[in-house]
Amino acid sequence: MIAEIDKSKKIIEKASELRWKVGSDFHDKLTESIYADASEIANRVVIKEKENRTDHFDRSLDRILTSKTFGFPIMILILSVILWLTIEGANYPSKMLAVLLLEMLYPLLKDAAIFISLPWWLDGLLIDGIYLAVAWVISVMLPPMAIFFPLFTLLEDFGYLPRVAFNLDDMFRRSGAHGKQALTMSMGWGCNAAGVIATRIIDSPRERLIAIITNNFSLCNGRWPTQILIATIFIGVLVPQSFSGLIATASVISIAMLGIGFTFWVSWGLSKTMLKGQVSTFALELPPYRPPRFWKTVYTSLIDRTIIVLWRAVLFAAPAGAVIWIISNVQVGDQSLANELIQWMNPFGLLIGLNGVILLAYIVAIPANEIVIPTILMLTVASVGMSGGAGDGVMFELESVTQTGEILKAGGWTLLTAINLMLFSLLHNPCSTTIYTIYKETNSKKWTTVATMLPVILGFVITFLVTQIWRILI
Amino acid sequence: MTEPINTVCETCDHFNAAGLKKLGVDVSGCDYVVALSGNPNTGKSTVFNALTGLNQHTGNWPGKTVVRAEGAFSYDSARYKLVDLPGTYSLLSTSQDEEVARNFILFGKPDVTVIVVDASRLERNLNLVLQVLEITNRAVLCMNLMDEAHRHGISIDERTLSRDLGIPVVLTSARSNEGISELIQTIADVATKRIVCKPHKIKSGSSRIKKAVEELSKEIESVHPHLPNSRWIAIRLLEGDKRVIEALENNELAVAVI
């Protein structure tokens, strides 16, 4: 063993000695000979008929989808269609689930609890806390996800994402970032933790860090439903019913585009300050278009993404429901702990056009963005002292989206609150899973802190500015 | 879901369809380890799913798999663990996904390495194939996306290719399960050494380089006589590859071949 290690050392010495002899073009020579061999073999075995129609089709489609004039508008159009279908389609099943889980099952459970004479606190914790939070997450999250994911996956399987990357490549390079960041950004639209892991395809550590820090500006699974819901309730109602879906879609698209904008601006800012350096070049392969296998894709995206993401949401919603119930029912002085916290944060919340409830909800929902809206509703009901059920911290029976709106308006919400919530949902800290992933990928407390704090600070600044301008103008 | 019979091969006497069992994520107690490597977006994950019966998410864009996924199948009463490696264009540079793929083939001692290539882009894909064949001498070439190649009017002379590369070549369209049974049979043949590969080795360019590589690889062989890739190690040492130097210092290579 020791003799072997000795010999190994000698080999390494010999290697460094020989390295001088083989010359500096060794790597190039080697690569050249690999290419030469590859091309020689390929020439012998590939039999190609003359160009046929599919090639032609691929190329003409690419000419449109990646054209300077149409590339970007088409991208926005495709994203709009997907979101519009999601918004229009999710409302009805959402209602049905809410009726089933909240109107029918909830009273049954309450009766059962009385029947087996469960102590009030256990009944409250289990049913009013945990069950309601989980039921809410399912009825709000499941329908949009079950529509959005399969549609997005079909687009992905067709081969559209690399075209998006192609369209954005130039802008990324101009912001001093890597073109492949377009791909990791699109991954972030599904899940930021996945997007952060996907940055491994970027070789240069500098550009990889930029991609990691800015991934949070891609709206993720947990945030699309929040955006869609708030846009439907507050912005869709500003116009006649027949246009409300379109307007809601447009406002969600604007937020998503703003996210892309922030990705560029922050990338640019970072590459000019903390992460200076050269932009590396790379070759982006545009894969052929492949007709997606429709049912298989729908099936796997439902099983793979929808159920997994929903399960994660449920896992985090359950303890969050318990926490909300507890802080709403533990009395400090003459009011609940939740109220105490809300009132303490309220002045700052109002300064940036939000309120104490929203800020507290964002703290409770650090583990998962999915539960922000349910948490806000539970806390709003608790803090304004609505009597919708068995007491504080109990969620309402929400048959429809309009009723959700009623609760929020009772909590003092205005259009400004809604807009700021949409902005803050885009610009706040990543969820704890993503933060942990960032730490694992960068192995650095410093960069994890930057990636966590930068978006929150931006969020505070932007919502503050929007609020001040709004108050001056309106 | 029942598996449809897609090729005559599945009904052939040589293919033991009854002996095939897709084991999903259960990778316990495996007899052989099979690595799946290949360029990005050649359908590795689809091949992986077809072999293991899993539903790993697949997508039509390069770089979808960055962490390795594992699954298993059993065939002819032997269990095979399958590792889906990140897709890479080369094993020479140092990005993290290439490192993961390279290290697994070098140190993870797979019994068989399946190299998945896109039939319509053979020339570009061969660069990686040739590099993999420098590291391991037990490999199968899975010429995937044949359906697409046919649509583009491309066909492949797989016998010549197999002879040139010195490894078995299997034509597949993993999306529709075509050729998967042949692939399984071939993997089993290489794993059980019924097929012995004589992989193609890269010509080393100038005579000066050739001499240096030979000199160094002889030295390496004197320490590790069973190493299948002394030539490649020599090349990496000449390039000053830190990870390989480290492996030599810690005697990792010796462990890797046993």
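A note on names: the letters A, B, ... follow the listed sequences, proteins ahead of strands, and every chain is numbered from 1. Computed from a predicted structure; not experimentally measured.
The side chain to side chain contact (heavy atoms under 4.5 Å, CB included) test with B:I105 is passed by exactly one of B:V83, B:N229, B:L85, B:I115: B:L85.
For B:N144 and B:S173, the side-chain atoms include no donor-acceptor pair closer than 3.5 Å. A donor-acceptor pair shorter than 3.5 Å can be found between the side chains of B:S230 and B:E221. Side-chain contact annotation: A:T263 with A:Q181, donor-acceptor N/O pair under 3.5 Å absent. With hydrogens and angles left out, the side-chain atoms of B:Y89 and B:N125 include no donor and acceptor closer than 3.5 Å.
Residues of residues 159-169 of chain B that come within less than 4.5 angstrom of chain A, heavy atom to heavy atom, are B:T160, B:L161, B:D164, B:L165 in numerical order.
Only the side chain of B:E215 comes within less than 4.5 Å of a heavy atom in chain A; its backbone stays farther off. Looking at A:E40, the atoms closer than 4.5 Å to chain B (heavy atoms on both sides) all sit in the side chain, from C-beta outward. In this structure, the portion of B:K201 lying under 4.5 Å from any heavy atom of chain A is its backbone and not its side chain.
Cation-pi check for B:R124 over A:Y35 is not met; the charged atom does not lie both under 6.0 angstrom from the ring centroid and within 45 degrees of its normal.
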Check the pair A:K14, B:E219 against salt bridge (charged side-chain N to carboxylate O under 4.0 Å, His left out), reporting the backbone distance first and the verdict last.
-> CA-CA 9 Å; A:K14 177 134 200 180; B:E219 296 266 339; 3.7 Å; yes

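Applying the salt bridge (charged side-chain N to carboxylate O under 4.0 Å, His left out) rule to B:E134 yields the partners B:R231; only residues at least two apart in sequence or on another chain are considered.
Each of B:E249, B:K211, B:R175 has some count of heavy-atom pairs under 4.5 Å with chain A, and the biggest count is that of B:R175. Of the residues considered (B:L145, B:L216, B:L238), B:L238 shows the highest number of contacts with chain A, using heavy-atom pairs under 4.5 Å. Per-residue counts of heavy-atom pairs under 4.5 Å with chain A were compared for B:D157, B:I245, B:N127, B:I220; the largest is that of B:N127. Interface remark: of the candidates A:T31, A:L155, A:I202, A:V46, A:V46 forms the most heavy-atom pairs closer than 4.5 Å to chain B.
Checked by atom type and distance alone, the side chain of B:D241 never pairs as donor or acceptor with a backbone atom of B:R236 at under 3.5 Å.
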